[in-house]
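Proteins come first, then strands; the chains are lettered A, B, ... in the order of their sequence lines, and each starts at number 1.
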Protein chains: 2
Amino acid sequence: MDQPQERKSLFPSDTDVTAPAEPAFASHRCTRITPVLNRVGDKWSMQIVMALGSGPRRFSELKREIDGISQRMLTLSLRGLERDGLISRHVTPTIPPRVDYQLTDLGLSLREPVRALGAWASEHIGCIRAAQESFDAREG
Amino acid sequence: MDQPQERKSLFPSDTDVTAPAEPAFASHRCTRITPVLNRVGDKWSMQIVMALGSGPRRFSELKREIDGISQRMLTLSLRGLERDGLISRHVTPTIPPRVDYQLTDLGLSLREPVRALGAWASEHIGCIRAAQESFDAREG
DNA sequence: CAGGATCCCGTTGGATACTG
DNA sequence: CAGTATCCAACGGGATCCTG
């Protein structure tokens, strides 16, 4: 696959990185990465990414594995992930057709931070639940 | 207040990733942490968390700082974050009233994985954009 | 100032039926 | 099998007005 222009730098120091020690999350910068957070926070996308983490899957395999996802949302999520370059789609034009999905290098690299987030969630889910119950009790 | 122990490591390889090729994101496990991912992927919550990362803020300060958020969504997001135990709310019953929000220890601990995710997004945003344009070109 | 209460519209997403 | 198309209900979220 051709790259008309290579990525300029891993850390975009070109424009507005004027801040000394980084907010890195200031509003104006955030607009750039908010779509990414949206995809991560998407109800299904990260489950798909993590499912594909252990190898390619067919459409129906994913549908069975993820449990609760509708074929519509699976299709839409896969399209979105493909559009973002996180997964690739391989069609085998047999009858019946066979389509396999797998993570791209980009998708693979996303697993690490997402896993970190998942680990955080697992570690603190008890704390969160407790806070929620306490809050709900206070408010009635 | 809640976590006397320091964070063990940025990449928690210890906890529950014990399974050999285990997803750690399997559906049954995912139902527990999906709400957390939802909060992270929320349009505003992480911007609020990151804004509060550099110190407490008043309601109107947050509103001005985040830019684009409506007072309704700011209120709702703050309530959600408070309910999850990520931020605390301090009312000074003066006239006019003053309300300050700040991260709890739990909220502070969330910044790390979110920052990692933000870093990933910053690093790969160019690649993603390229993939999107390529995809859109292919599909028409 | 901080936020509650409404209204209202665009999007999300499930269920179902159909197709190559 | 791997989708596409359609309908429709639920939710998200902005704009506006009101209050302690």
Side-chain angles (χ1 to χ4, degrees), chain A residues 27 30-31 34-48 51-52 56-84 87-102 135-136 138-140, chain B residues 27 30-31 34-48 51-52 55-84 87-102 135 138-140:
Chain A
S27 314
C30 220
T31 56
T34 288
V36 177
L37 285 186
N38 265 333
R39 179 148 299 299
V40 170
D42 181 71
K43 191 174 178 182
W44 305 112
S45 292
M46 286 309 101
Q47 295 190 55
I48 294 174
L52 292 178
R57 294 282 194 292
R58 302 183 57 172
F59 183 88
S60 50
E61 289 174 337
L62 283 171
K63 178 150 169 40
R64 232 172 298 113
E65 189 165 343
I66 289 190
D67 177 72
I69 194 171
S70 61
Q71 98 293 54
R72 174 186 145 86
M73 287 319 296
L74 180 54
T75 299
L76 288 179
S77 300
L78 288 170
R79 285 291 174 281
L81 290 168
E82 188 192 0
R83 195 178 99 100
D84 288 356
I87 66 176
S88 57
R89 181 170 178 269
H90 304 281
V91 182
T92 310
T94 55
I95 295 180
R98 174 196 180 97
V99 181
D100 291 88
Y101 295 91
Q102 69 175 325
F135 182 92
D136 294 345
R138 277 199 303 280
E139 316 292 301
Chain B
S27 318
C30 222
T31 56
T34 288
V36 177
L37 286 185
N38 266 333
R39 178 149 301 299
V40 171
D42 181 70
K43 190 175 179 182
W44 304 112
S45 291
M46 286 310 101
Q47 295 190 54
I48 294 174
L52 291 178
R57 295 283 195 291
R58 302 184 56 172
F59 184 88
S60 50
E61 289 174 337
L62 283 172
K63 178 151 170 40
R64 232 172 298 114
E65 189 165 343
I66 290 191
D67 179 71
I69 194 170
S70 61
Q71 100 291 57
R72 174 186 146 87
M73 287 318 296
L74 181 54
T75 299
L76 288 179
S77 300
L78 287 170
R79 285 293 173 277
L81 290 168
E82 187 192 0
R83 195 179 99 99
D84 288 356
I87 66 176
S88 56
R89 182 170 177 269
H90 304 280
V91 182
T92 310
T94 55
I95 296 181
R98 173 195 181 97
V99 180
D100 291 88
Y101 295 91
Q102 69 175 324
F135 182 93
R138 276 199 304 280
E139 315 292 300

Study note, to complete from the structure: Contacts of B:Ile69 and A:Tyr101 projected onto DNA chain D by closest heavy atom; the upstream (5') one is A:Tyr101
I'd like a table of donor-acceptor pairs (distance under 3.5 Å, sequence neighbours excluded) in which one partner is a side-chain atom from residues 71-78 of chain B, with atom names and distances.
| residue | atom | partner | partner atom | Å |
| --- | --- | --- | --- | --- |
| B:Thr75 | OG1 | B:Gln71 | O | 2.8 |
| B:Ser77 | OG | B:Met73 | O | 2.7 |

Point to revise | Atom pair CG (A:Leu37) and CG (B:Leu37), whose distance is rounded to the nearest 0.5 Å | key: 11.0 Å
Revision key, fill the gap. Taken to the nearest 0.5 Å, the spacing of A:Ile48 CD1 from A:Lys63 NZ works out to 11.5 Å
Point to revise | Non-hydrogen side-chain atoms of B:Lys43 and B:Ile69 separated by less than 4.5 Å | key: no
Review point. Mapping B:Gln71 and B:Arg64 onto DNA chain C by nearest heavy atom, which one lands closer to the 5' end?
Key: B:Arg64
Check your understanding: Which residues pass the side chain to side chain donor-acceptor pair (under 3.5 Å) test with B:Arg83, sequence neighbours left out?
Key -> A:Asp136
Check your understanding: How many angstroms lie between CZ in A:Arg58 and OH in A:Tyr101, if you round to the nearest 0.5 Å?
Key -> 11.0 Å
Check your understanding: Taking B:Arg89 for the side chain and B:Ile87 for the main chain, is one N or O donor matched with an acceptor at less than 3.5 Å?
Key -> no
Study note, to complete from the structure: The side chain to side chain donor-acceptor pair (under 3.5 Å) partners of B:Arg98 (sequence neighbours excluded) come to B:Asp100
Exercise for review: For DNA chain C, note the earliest and the latest nucleotide, 5' to 3', having some atom under 4.0 Å of a heavy atom belonging to chain B.
Suggested key: C:dC1 to C:dT6
Revision key, fill the gap. Of all heavy-atom pairs linking B:Asn38 and A:Gly41, the shortest is OD1-O, 3.1 Å
Review point. Using a heavy-atom distance cut-off of less than 4.0 Å, which residues of residues 72-80 of chain B contact DNA chain C?
Key: B:Arg72, B:Thr75, B:Arg79
Review point. Can you pull the contact range of chain B along DNA chain D, 5' to 3', using atoms under 4.0 angstrom from its heavy atoms?
Key: D:dG13 to D:dG20
Check your understanding: Under a 4.5 Å cut-off applied to non-hydrogen side-chain atoms, are B:Thr34 and A:Met46 in contact?
Key -> no
Check your understanding: With a 4.0 Å cut-off on heavy atoms, is B:Lys63 in touch with a base, just the backbone sugar-phosphate, or nothing at all?
Key -> nothing
